[in-house]
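Written out below as structure tokens is the structure these notes cover.
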Amino acid sequence: MSTGILYLCATPIGNLDDMTFRAIKILREVDLIAAEDTRHTRKLLTHFDIHTPLVRCDEFSEETAGKKILEMLLSGKSVACVSDAGLPAISDPGAKIVKLAINSGIKVCPIPGANAALSALICSGLDTTKFTFAGFLPKTGKNRREVLQKFSSHEETLIFYEAPHRLQKTLKDLAEFFGERQAVLARELTKIHEEFLRGKLSELAENPGEIRGEFVIVVEGKIFDGEEKISGGEENFLDAYEKLIESGVEKKIAIRETAKKFNLSRREVYNSIIDREG
Ligand code: SAM
């Protein structure tokens, strides 16, 4: 007897038009839908005329519900896992069931769609080539400070989720640990009051705009500060450049930082390096 498939199915993060054709089809076809909040999901299903049975599978019941879901999958039935919004298993339940399924040799299949982190990132105007999804920060204490400290040295763009009542505190902490970096507050994505506030972390902490609805905070990664590695005493900029290279800094960044420090153009620094290398 063949086993069923576990589908990880995206649902809208605000705008119902973001429901995909495939998500509707799969949610109609599967034998069971495992939902974070059955009341919430039932409204979505009613809207799309889907009548598949529902079972609760939230962070508290994921383990016990997971076992039942696994039995169904092993007996050949297919199950779709949905959270309240966006992608299951992204700051939402789902990851435990996926692990259980994989360990039992069940096929796991994504049904992609809306996600708040990536929606905020692509409209942030910040570097999208490398990024870290940081999710929710620990709420208080040593753990929070340690995580903030760790992320403060990341050179890639950082994405945080935050609840509205904690937003200002988190922006203040980010400004304190990360310094003057560019950031974007993405509010109410895909909804009527969608907006993007851009500015330095300290400016956004001071003036976060309307603190209502849902937020993603996107923060510029640490810009390598050549000053940290250029200690005093160099005779000329070529020595300073060499020093950066020796300390492991990438050529492009070393040129940029040397140019900045000695008030030269990058081209001038580059040409002198070529001349010196002969
Ligand atoms: N699984 C979801 C996803 O794929 O994005 C995330 C769920 S997490 C429990 C909820 C958090 O996601 C919110 O507190 C907020 O930070 C962010 N979020 C969800 N929907 C959003 C929206 N429409 N606009 C801005 N942020 C949103």
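Because the structure is a prediction, the values reported are computed rather than measured. Both ligands and their constituent atoms are indexed starting at 1 by order of listing. Counting begins at 1 with the first residue of the sequence.
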Would you check the N or O atoms of [X], main chain and side chain alike, for any that come under 3.5 Å of an N or O of ligand 1?
{"X": "Phe215", "result": "yes"}
{"X": "Ala116", "result": "yes"}
{"X": "Leu87", "result": "yes"}
{"X": "Ser83", "result": "no"}
{"X": "Asp92", "result": "yes"}
{"X": "Leu189", "result": "yes"}
{"X": "Ile90", "result": "yes"}
{"X": "Ile13", "result": "yes"}

What part of Ala10 sits under 4.0 Å from ligand 1 if we count only heavy atoms: the side chain, the backbone, both or neither? neither

For ligand 1, which part of Phe136 has a heavy atom less than 4.0 Å away: the side chain, the backbone, both, or neither? side chain

State whether the number of non-hydrogen atoms from other residues, nucleotides or ligands found under 6.0 Å of [X] atom [atom1] is greater than 12.
{"X": "Glu250", "atom1": "CD", "answer": "no"}
{"X": "Tyr270", "atom1": "OH", "answer": "no"}
{"X": "Phe178", "atom1": "CZ", "answer": "yes"}

Out of all atoms in ligand 1, which are within 4.0 Å of some heavy atom of [X]? Include the element for each.
{"X": "Lys191", "answer": "23 (N)"}
{"X": "Glu162", "answer": "14 (O), 16 (O)"}
{"X": "Val216", "answer": "25 (C), 26 (N)"}
{"X": "Ser91", "answer": "7 (C), 8 (S), 9 (C)"}

Check [Y] with [X], please: is the shortest side-chain N to carboxylate O separation under 4.0 Å?
{"X": "Lys169", "Y": "Asp173", "answer": "yes"}
{"X": "Glu257", "Y": "Lys260", "answer": "yes"}
{"X": "Arg212", "Y": "Glu210", "answer": "yes"}

Do Phe160 and Phe215 make the cut of ring centroids closer than 6.0 angstrom? no

Counting only heavy atoms, tell me which of Thr190, Asn115, Asp18 gets closest to atom 3 (C) of ligand 1. Asn115

Do Arg144 and Thr170 meet the criterion of a side-chain donor-acceptor pair at a distance under 3.5 Å? yes

Hydrogens and angles aside, do Thr41 and Glu36 bring a side-chain donor and acceptor to less than 3.5 Å of each other? no

How far is [atom] from its nearest protein heavy atom, and which residue and atom is that?
{"atom": "atom 5 (O) of ligand 1", "answer": "Tyr161 OH, 2.7 Å"}
{"atom": "atom 2 (C) of ligand 1", "answer": "Ala85 O, 3.2 Å"}
{"atom": "atom 13 (C) of ligand 1", "answer": "Glu214 OE2, 3.7 Å"}

Once rounded to the nearest 0.5 Å, what's the spacing between atom CG of Leu27 and atom OG1 of Thr11? 8.5 Å

Answer with yes or no whether Gly14 contacts ligand 1, where contact means a heavy atom under 4.0 Å from a ligand atom. no

Heavy-atom donor-acceptor pair, Thr52 side chain to Ile33 backbone, under 3.5 Å: no

Same hydrophobic cluster for Leu32 and Leu54, using side-chain heavy-atom links shorter than 4.5 Å among ILVMFWY? no

